[in-house]
Engineer: 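Quick one: this structure, given as structure tokens, is what I'll be asking you about.
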Amino acid sequence: MTGQRAAQLAERLAAVENRVGSACRAAGRPREQVTLVVVTKTFPASDVLALVRLGVRDVGENRDQDAAPKAAQVAAALAAAPGDGPLPRWHFVGQLQRNKAASVARYADVVHSVDRLRLVGALDRGADAAGRVLDALLQVDLDESGAAQGRGGAAPDELAALADAVACAPALRLRGLMAVAPLGADPLQAFDRLAGLAQRLRADHPQATWVSAGMSGDLEAAVACGATHLRVGSAVLGSRPLLQ
Ligand SMILES: *Cc1c(COP(=O)(O)O)cnc(C)c1O
């Protein structure tokens, strides 16, 4: 980790924090209502450690193959240098295969991408085997155009059954909904629809108060629509190789 990279991350993080603060003020919402999850996918453990030193407490990953070793490296480094900061909370935000659920359950604190019933059992068994309880968000597909983007997500009419399944899983805590604004869609419109779905979910599951929405390009729209968790990658870490 060069000091130059740490300085660059500090500067970009401060710029994002300014955007989040302005968006909260514009929406009349307290800043504490919004958790910034810094998505570190494709970037090394050294960047995660630099972010922890800058006060970041929540990091996101989308591939178990990368996240599992990275989480272990970060835990080892922080055990050796506890003064650098506490262990971050790991948020799994990517499409999750059932055969990866047990691995993810060992290090993730929050899974944002529960989108089908078969995944619920696998995650619940994995968390139970690891002696942990995971926070779970249901990922909803907001694309009404019918153009599959391969990003996952349950159809809105599948949410009620999925929510009941998560709520009944002893090692999972149903926390709310997650979505990605569809490509080309107006993010305000998309996140407003998400807010409506979240409100409907809370009628049956009052504890499911989290709404994970908003990325580098559309975090202001997400805050305006009531998001409680923003997932911001490139605005803090820089651009990634394509297709990540
Ligand atoms: C990569 C990713 C993000 C972060 O995207 P940026 O545009 O880099 O901020 C957010 N959510 C999910 C699900 C992602 O895969």
Side-chain angles (χ1 to χ4, degrees), residues 8-9 11-20 22-23 34-44 47-48 50-51 54 56-68 70-71 88-97 100-101 104 107-116 119 123 134-143 148-154 175-188 190-191 194 197-198 210-225 227-244:
Q8 183 182 51
L9 290 174
E11 189 179 323
R12 293 208 188 112
L13 183 64
V16 166
E17 188 48 54
N18 270 335
R19 286 176 61 191
V20 177
S22 302
V34 179
T35 299
L36 176 64
V37 179
V38 179
V39 179
T40 50
K41 65 188 184 196
T42 77
F43 291 95
D47 279 355
V48 179
L51 290 165
L54 292 168
V56 169
R57 293 292 169 259
D58 295 89
V59 294
E61 289 284 332
N62 73 334
R63 282 164 55 96
D64 176 63
Q65 303 92 299
D66 302 331
K70 207 184 291 186
R89 280 181 292 271
W90 293 87
H91 295 249
F92 193 86
V93 304
Q95 265 188 293
L96 182 52
Q97 307 301 322
K100 298 284 197 277
V104 166
Y107 59 87
D109 301 286
V110 187
V111 175
H112 289 231
S113 44
V114 177
D115 64 356
R116 55 203 189 282
L119 196 50
L123 263 181
L134 306 185
D135 288 321
L137 299 174
L138 311 182
Q139 182 177 352
V140 54
D141 180 3
L142 295 176
D143 197 346
Q149 290 177 32
R151 287 177 127 164
R175 288 297 203 180
L177 296 185
M178 179 274 234
V180 177
L183 280 178
D186 173 359
L188 269 177
F191 295 147
L194 178 64
L197 294 169
W210 297 5
V211 179
S212 167
M215 320 199 320
S216 293
D218 56 19
L219 69 87
E220 285 83 2
V223 170
C225 295
T228 62
H229 291 68
L230 307 173
R231 309 177 309 271
V232 175
S234 50
V236 175
L237 288 131
S239 53
R240 293 178 295 271
L242 284 176
L243 300 178
Q244 301 278 348

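Numbering of ligands and ligand atoms starts at 1, following listing order. Position 1 is the first residue of the sequence, and the numbers go up from there.
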Engineer: With heavy atoms of Val232 as the reference, note each atom of ligand 1 found under 4.0 Å away.
Structural biologist: 9 (O)
Engineer: If the condition is salt bridge (Lys or Arg N to Asp or Glu O under 4.0 Å), which residues does Asp58 pass it with, not counting sequence neighbours?
Structural biologist: Arg89
Engineer: Is ligand 1 less than 4.0 angstrom away from at least one heavy atom of His112?
Structural biologist: no
Engineer: Has ligand 1 got any nitrogen or oxygen that is less than 3.5 angstrom from a nitrogen or oxygen of Gly233?
Structural biologist: yes
Engineer: Which atoms from ligand 1 have a heavy atom of Met215 less than 4.0 Å away?
Structural biologist: 3 (C), 5 (O), 7 (O), 9 (O), 10 (C), 11 (N)
Engineer: Hey, could you give me the CG/CZ distance between Leu219 and Phe191, rounded to the nearest 0.5 Å?
Structural biologist: 9.5 Å
Engineer: Hey, what do you get for CZ (Arg12) to CG (Leu54), rounding to the nearest 0.5 Å?
Structural biologist: 12.5 Å
Engineer: Is the ring pair His229/His112 parallel, tilted or perpendicular, if the boundaries are 30 and 60 degrees?
Structural biologist: perpendicular
Engineer: Output yes when a side-chain donor or acceptor of Ser113 lies under 3.5 Å from a complementary backbone atom of Gly94, and no otherwise.
Structural biologist: yes
Engineer: When you compare ligand 1 with Asn62, is there at least one nitrogen or oxygen pair between them that comes in under 3.5 angstrom?
Structural biologist: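 Such a contact does not occur with ligand 1.
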